[in-house]
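Quick notes on the structure that follows.
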Amino acid sequence: MVKISPSILSADFAILGKELCALEEAKADYIHIDVMDGRFVPNITIGPFVVEAVHRVTTLPLDVHLMIEEPERYVKEFADAGASIITVHAEATKHLHKVLQDIRSAGVKAGVSINPGTPISFIKDIIGDIDLLLIMSVNPGFSGQSFIPASLEKIKEARALLDANGSKAELEVDGGIKTGNIKEAANAGADVFVSGSGIFSAGEYKKTILQMKVLAEGERV
Ligand code: DX5
Ligand code: ZN
């Protein structure tokens, strides 16, 4: 079964509680939370405080995507705030193996992400230490960007690497995913799909999420 992880970066923050209820009702699988520090990426967004508030109003697992320098400094805060998955960028830490271990020790699933310019080979030595591999299909920092077509090849490479290592880690893709291209990403081997503008600007969350699942599943049946 594929999973849809709506990115609340595209939600209306003035009515965030309502947006979260609507996503749960729309059968989202995860809630994707984009944490940005103004250093690893230019934008500044959400901190542990908001994650804790989100955790209080939804039962969905929180898929926390840290786009911050030295993520090891904040693992405990995000774990305590209720994250189910904490994903760090391989480019953002000098101690990737250690931070992944710290995430798992905190009782949270450990994810690693790579930017469009980072080769898959960069994370091959920690493949046994992750529960999720996130391939960025845009340069991180903002919602609403276009999917980078070369990401499809990268997803295929990632799928091959996970399979070759007998890894059960989920393969997630993030950036520019819409009903128009989800099928190709699924076909390349992704099984968790983040979508911000693709869900929120479509308006009807339930219809869009169902449509995304049908399109992505189609490749698997
Ligand atoms: C980008 C974020 C994404 C983004 C997705 O830095 O990590 O999660 O919010 O938004 P869309 O689907 O609009 O590209
Ligand atoms: Zn993200």
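Bear in mind that the values here come from a model prediction, so they are computed numbers and not experimental data.
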Next on the checklist: Quick one, L66 and I86 - any side-chain contact, counting heavy atoms below 4.5 Å?
Outcome noted: yes
Checklist entry - Any side-chain heavy atom of V64 within less than 4.5 Å of one from T87? => result no
Checklist entry - Under 6.0 Å from the CD atom of E204, do we count more than 12 heavy atoms belonging to anything else shown? => result no
Item to check | Mutual orientation of the aromatic rings belonging to H65 and H89 [parallel < 30°, tilted 30-60°, perpendicular > 60°] | outcome: parallel
Checklist entry - Within the distance-only criterion (no hydrogens, no angle test), does the side chain of K213 pair as donor or acceptor with the backbone N or O of K27 below 3.5 angstrom? => result yes
Item to check | Any donor-acceptor pair under 3.5 Å from S137 side chain to D174 backbone | outcome: yes
Item to check | Check: D29 side chain, I4 main-chain N or O, donor-acceptor pair, under 3.5 Å | outcome: yes
Item to check | For K178, all residues meeting salt bridge (Lys or Arg N to Asp or Glu O under 4.0 Å), sequence neighbours excluded | outcome: none
Item to check | Polar side chain donor-acceptor pair, T93 to E72, under 3.5 angstrom | outcome: yes
Next on the checklist: I want to check something: taking the side chain as every heavy atom from C-beta on, are I123 and I130 in contact at a cut-off of under 4.5 Å?
Outcome noted: no
Item to check | All pairs passing salt bridge (charged side-chain N to carboxylate O under 4.0 Å, His left out) where residues 132-156 contributes a residue, at least two apart | outcome: E153-K156
Checklist entry - Is there a side-chain contact between M1 and K3, using heavy atoms and a 4.5 Å cut-off? => result no
Checklist entry - Quick one: do Y30 and F200 end up in the same hydrophobic cluster if we chain Ile, Leu, Val, Met, Phe, Trp and Tyr together by side-chain heavy atoms under 4.5 Å apart? => result no
Checklist entry - Is it the case that more than 12 heavy atoms not belonging to R39 sit under 6.0 Å from its CZ atom? => result no
Item to check | Distance-only polar pair, side chains of T179 and Q211, donor-acceptor under 3.5 Å | outcome: no
Item to check | D63 and S5: side chain donor to acceptor below 3.5 Å | outcome: yes
Item to check | Side-chain donor/acceptor of D37 to backbone N/O of E69, under 3.5 Å | outcome: yes
